Enquirer: 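Dumping the structure here so I can ask a few things about it.
Order of the sequence lines fixes the chain letters, A, B, ..., with proteins taken first and strands second; residue numbering starts at 1 for each chain. Just so it is clear, the structure is predicted and the values come from calculations on it, not from any experiment.
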2 protein chains.
Amino acid sequence: MSKYSISDIAEICGVSKSTVSRVINNKPDGVSEKTKNRVLKVIDELNYRPSLLARSVATKHSELIGLIIPDISNLFYPEIIHGVSTYLAKHGYSMILAHSGYNQETEKELLLSMVDKRVDGVIICSGISNEEFLKEYKKYEIPLASIGRTYDNYLSDLSISGDNVKGAKLATRKLLSTGNTKIALLSGHSEVAGTKQRIEGYKQALNDAGIEFDKNLVFHGDYTIESGTKMAEELIKSKTEFTAVFGGSDLIAIGAIKALNRAKISIPDEVEVMGFDNIYLSEVFEPPLSTISKPHYDMAVEISRKLLCLIQGKTDLIPHFIIEPQLIVRNTTK
Amino acid sequence: MSKYSISDIAEICGVSKSTVSRVINNKPDGVSEKTKNRVLKVIDELNYRPSLLARSVATKHSELIGLIIPDISNLFYPEIIHGVSTYLAKHGYSMILAHSGYNQETEKELLLSMVDKRVDGVIICSGISNEEFLKEYKKYEIPLASIGRTYDNYLSDLSISGDNVKGAKLATRKLLSTGNTKIALLSGHSEVAGTKQRIEGYKQALNDAGIEFDKNLVFHGDYTIESGTKMAEELIKSKTEFTAVFGGSDLIAIGAIKALNRAKISIPDEVEVMGFDNIYLSEVFEPPLSTISKPHYDMAVEISRKLLCLIQGKTDLIPHFIIEPQLIVRNTTK
DNA sequence: TTGAAAGCGCTAACAT
DNA sequence: ATGTTAGCGCTTTCAA
């Protein structure tokens with residue numbers, strides 16, 4: 001801990017705490033140049049650093065923002081973290097990062113721990129949230145923003161997300177357009193809202209094309225490479241006919257590619273593969289993955305911007321924003 | 001903010017603040033069951049949450065740990081974050097995450113901002129630190145741990161890192177063992193200490209094998225895929241003969257693979273490729289990359305554990321720890 | 001078992 | 001331009 005307090009500095013300089021407070025906060029009404037310099041000099045010599053904790057209890061704001069993510073090993077999230085952290089740092093805020101592990105109970109506790117820490121706002125990436133609890137959470141009056149999921153009843157004050165239904169439709173349609181009728185769907189975490197929406201989009205596209213939905217082509221796992229591989233292996237083993245694979249996320253699609261490679265099934269000639277998310281890895285992977293794009297980094301920056309606006313009292317923001325998904329054709333589709 | 005303070009709760013319950021404080025802190029000396037239950041009930045009904053900020057200024061510890069990383073888009077760091085965050089959460093601490101962007105000045109400011117926030121300790125991943133400043137930093141008396149770099153003069157209280165020289169030697173020797181004599185080195189961020197050590201290991205291995213060091217085989221960039229691609233392209237364009245590529249990191253090696261692929265150079269038949277770090281991506285990439293392993297996640301957990309021990313007053317720790325590097329042979333070497 | 005009082009390090013309203 | 005005072009929400013020592 002810093003060895004000196006504002007009182008120490010005041011005493012040593014022979015001024016009052018208020019004066020010291022004024023100089024460390026660069027108050028406009030001001031202090032005479034002379035005393036200011038004297039105080040500054042002592043501060044510098046003693047390496048005094050004002051306690052932001054103490055300041056926060058006095059001012060009732062902490063310049064702290066909580067970010068809650070499910071699991072950083074989903075490469076989707078580092079991009080979010082990067083965006084949030086970069087924007088916040090630029091504006092004098094710090095970020096407390098925590099992992100919910102896709103666990104509703106953990107998420108609840110984290111949300112509460114954020115109020116204990118008196119953060120000025122929280123950003124949550126989830127889709128698994130307990131809506132009941134989110135409703136309760138409002139009484140703590142701490143601005144809540146969410147990425148990746150627009151809560152149906154606007155349980156968060158702010159949100160930004162991709163249109164999952166539309167995105168999945170786009171992906172499926174692309175696959176249909178090159179003649180595929182047997183499109184396997186390798187799906188993620190079924191509790192997550194976005195997952196259901198993607199399944200819905202897939203179904204709609206099939207329906208629009210007059211193709212019957214086939215249960216045997218749908219597999220459920222989670223949003224990891226390993227799970228993608230496992231689901232694809234099951235698919236292959238099941239002997240169900242298929243000519244395309246739509247992964248619920250890029251990670252799943254990449255896992256599937258690994259399984260297809262091992263089974264000597266060539267991509268995209270024998271089987272086309274489509275991802276979802278357009279994470280950085282999808283671009284650098286070999287072969288580069290066709291996918292549906294949502295600009296995560298930009299979404300993270302944008303939601304951070306709005307959150308700070310909200311905290312600073314702006315109320316004329318568009319609170320809920322849905323990003324138009326975009327088809328990215330790379331090498332795993334024809 | 002929480003609408004109620006400890007005084008409010010005390011007043012409503014008709015007890016003193018001390019009593020409320022005792023129950024929220026579960027003090028052993030205790031409060032009678034009856035009053036305890038009464039207080040608990042009011043707390044619950046009013047959704048009172050004690051302010052950790054206020055508590056921290058009173059107790060002089062914050063249960064906050066700062067983690068400073070250069071750049072999260074180096075996939076090395078999410079693994080570190082995961083390890084640190086997981087361990088800390090399990091032990092009641094929270095993590096403030098910040099990015100230095102490989103910038104010495106930024107790092108300095110972040111370090112100071114951590115003392116302003118009165119964190120109980122900081123973990124820094126860098127190698128670019130200003131040693132002069134690190135020395136000064138000691139006077140703030142906040143425990144400092146570093147990952148990935150053992151500061152020469154023990155400028156941090158705790159450290160854990162891989163042996164870069166030995167690791168690079170191991171990698172180079174493996175490449176030499178299959179008859180390669182023209183081994184290109186694609187190196188990262190030259191300001192980073194680990195970079196120099198890896199170059200040193202490479203040189204030593206060549207020297208041990210009686211092979212002359214060839215400047216034309218060494219390229220300098222940074223620790224990204226893009227940089228790896230660029231360096232490999234330059235290498236290819238330079239017409240310098242080579243039969244193996246040693247990347248200063250997995251990301252660089254992967255970038256190089258992309259360039260080699262494009263140039264229709266087959267791996268590992270025509271050119272062998274070796275990475276460094278063994279990040280998760282190196283395992284899932286196609287082809288899976290041969291590399292040198294350092295167990296990041298475990299290192300992160302271990303340093304977190306030691307840091308909390310140190311904070312809690314244990315002094316009999318082994319402060320500086322070097323992890324033995326391990327050769328991982330996958331598909332990019334013979 | 002409980003309370004009173006002082007203190008943690010800061011800000012802010014009001015005086016001067 | 002500067003100081004006085006009270007207050008932020010908590011803990012902790014001491015006394016009852």
Side-chain angles (χ1 to χ4, degrees), chain A residues 1-40 42-43 46-64 115-120 140-142, chain B residues 1-40 42-43 46-64 115-120 140-142:
Chain A
M1 293 284 164
S2 194
K3 288 179 288 287
Y4 301 100
S5 75
I6 195 171
S7 312
D8 297 326
I9 303 297
E11 192 172 336
I12 292 169
C13 295
V15 298
S16 73
K17 292 196 293 175
S18 330
T19 300
V20 177
S21 177
R22 284 183 187 105
V23 354
I24 61 185
N25 289 299
N26 245 309
K27 280 287 157 77
D29 47 331
V31 183
S32 76
E33 277 300 304
K34 214 167 45 183
T35 41
K36 182 173 167 180
N37 288 137
R38 185 153 39 96
V39 172
L40 249 19
V42 171
I43 285 178
L46 266 39
N47 296 293
Y48 164 70
R49 304 287 309 187
S51 164
L52 260 35
L53 292 181
R55 173 178 301 172
S56 293
V57 1
T59 60
K60 307 223 178 215
H61 51 254
S62 61
E63 275 72 50
L64 247 31
V115 355
D116 297 346
K117 293 186 190 84
R118 299 299 190 261
V119 298
D120 291 340
Y140 295 109
E141 292 174 12
I142 136 167
Chain B
M1 294 283 165
S2 195
K3 288 178 287 288
Y4 301 100
S5 74
I6 195 171
S7 313
D8 297 326
I9 304 298
E11 190 172 336
I12 293 170
C13 295
V15 298
S16 73
K17 292 196 293 176
S18 331
T19 299
V20 178
S21 177
R22 283 182 188 105
V23 354
I24 62 185
N25 290 298
N26 243 308
K27 280 287 157 76
D29 47 331
V31 183
S32 76
E33 276 300 303
K34 213 166 50 181
T35 42
K36 180 172 167 182
N37 287 138
R38 186 153 39 98
V39 172
L40 248 19
V42 171
I43 285 179
L46 266 40
N47 296 294
Y48 164 69
R49 304 288 308 186
S51 165
L52 260 34
L53 292 180
R55 174 178 299 171
S56 293
V57 0
T59 60
K60 307 222 178 218
H61 52 254
S62 61
E63 275 72 50
L64 247 31
V115 355
D116 298 347
K117 293 186 191 83
R118 299 299 190 262
V119 298
D120 291 341
Y140 295 109
E141 292 175 11
I142 136 167

Enquirer: Of B:Val57 and B:Arg38, whose closest DNA chain C nucleotide lies nearer the 5' terminus?
Expert: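 Nearest-nucleotide comparison on DNA chain C picks B:Arg38.
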Enquirer: Between A:Thr35 and A:Ser32, is any side-chain donor less than 3.5 angstrom from a side-chain acceptor?
Expert: yes
Enquirer: Expressed as a whole number of angstroms, how long is the span from B:Arg55:CZ to C:dC10:P?
Expert: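 Answer to the nearest Å: 20 Å.
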Enquirer: Taking only side-chain nitrogens and oxygens of B:Thr59, does any of them come within less than 4.0 Å of OP1 or OP2 of D:dT12?
Expert: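 Answer is no, no contact under 4.0 Å.
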Enquirer: Rounding to an integer number of Å, can you tell me how far B:Leu52 CG sits from D:dG9 C1'?
Expert: 12 Å
Enquirer: Expressed as a whole number of angstroms, how long is the span from B:Glu33:CD to C:dT2:P?
Expert: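 That distance rounds to 10 Å.
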Enquirer: Could you tell me which non-hydrogen atom of B:Lys17 sits nearest to which non-hydrogen atom of B:Ser7, and how far apart they are?
Expert: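 Distance-wise, the nearest heavy atoms are CD-OG, 3.4 Å.
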Enquirer: Are B:Thr19 and C:dT2 close enough that a side-chain N or O sits under 4.0 Å from OP1 or OP2?
Expert: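 It does not, given that no N or O in the side chain of B:Thr19 lies less than 4.0 Å from OP1 or OP2 of C:dT2.
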Enquirer: Take the protein atom CG of B:Asn25 and the nucleotide atom C1' of D:dG9, then report the distance between them rounded to whole Å.
Expert: 13 Å
Enquirer: Check whether any side-chain N or O of B:Ser21 sits under 4.0 Å from OP1 or OP2 of D:dT12, and answer yes or no.
Expert: no
Enquirer: Tell me whether the side-chain N or O atoms of B:Ser18 pair up with the base of C:dA4 as donor and acceptor below 3.5 Å, since no angle test is needed here.
Expert: yes
Enquirer: Using whole Å, report how far CD1 of A:Ile6 lies from P of C:dC8.
Expert: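 Going from A:Ile6 (CD1) to C:dC8 (P), I get 14 Å.
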Enquirer: Could you tell me whether B:Ser7 contacts a base, only the sugar-phosphate backbone, or nothing, with contacts defined as non-hydrogen atoms closer than 4.0 Å?
Expert: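 Result for B:Ser7 = nothing.
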Enquirer: Could you work out which one of C:dT11, D:dA1, D:dC10 sits closest to the side chain of A:Ser32?
Expert: D:dA1
Enquirer: So, is B:Tyr4 close to the D:dC10 phosphate, meaning a side-chain N or O under 4.0 Å from OP1 or OP2?
Expert: no
Enquirer: Rounding to an integer number of Å, can you tell me how far A:Lys17 NZ sits from D:dG3 P?
Expert: 13 Å
Enquirer: I would like to know whether A:Lys117 and B:Leu53 meet side-chain contact (heavy atoms from CB on, under 4.5 Å); could you show each step before the answer?
Expert: CA-CA 6 Å; A:Lys117 293 186 190 84; B:Leu53 292 180; 5.7 Å; no
Enquirer: Within the structure, does a side-chain N or O atom of B:Ser16 lie under 4.0 Å from either OP1 or OP2 of C:dG3?
Expert: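 Checking C:dG3 against B:Ser16, a side-chain N or O does come within under 4.0 Å of OP1 or OP2.
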Enquirer: For the pair made of CD in B:Glu11 and P in C:dA4, what is the distance, rounded to whole Å?
Expert: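 After rounding, the reported distance stands at 12 Å.
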Enquirer: Would B:Ile43 and B:Ile24 count as a side-chain contact (heavy atoms from CB on, under 4.5 Å) here? Give the steps.
Expert: CA-CA 9 Å; B:Ile43 285 179; B:Ile24 62 185; 3.5 Å; yes
Enquirer: Under 4.0 Å between a side-chain N/O of A:Lys27 and OP1 or OP2 of C:dA12, yes or no?
Expert: yes
Enquirer: Give a yes or no on whether a donor-acceptor pair under 3.5 Å exists between the nucleobase atoms of D:dG9, that is its base, and the side chain of A:Arg118.
Expert: no
Enquirer: Can you find a donor-acceptor N/O pair under 3.5 angstrom joining the side chain of B:Arg22 to the base of C:dG3?
Expert: yes
Enquirer: Grab the NZ-P distance between A:Lys3 and C:dC8 for me, whole Å please.
Expert: 17 Å
Enquirer: Would you name the heavy atoms of A:Ser56 and A:His61 that are closest together and state the gap between them?
Expert: OG-O, 3.3 Å
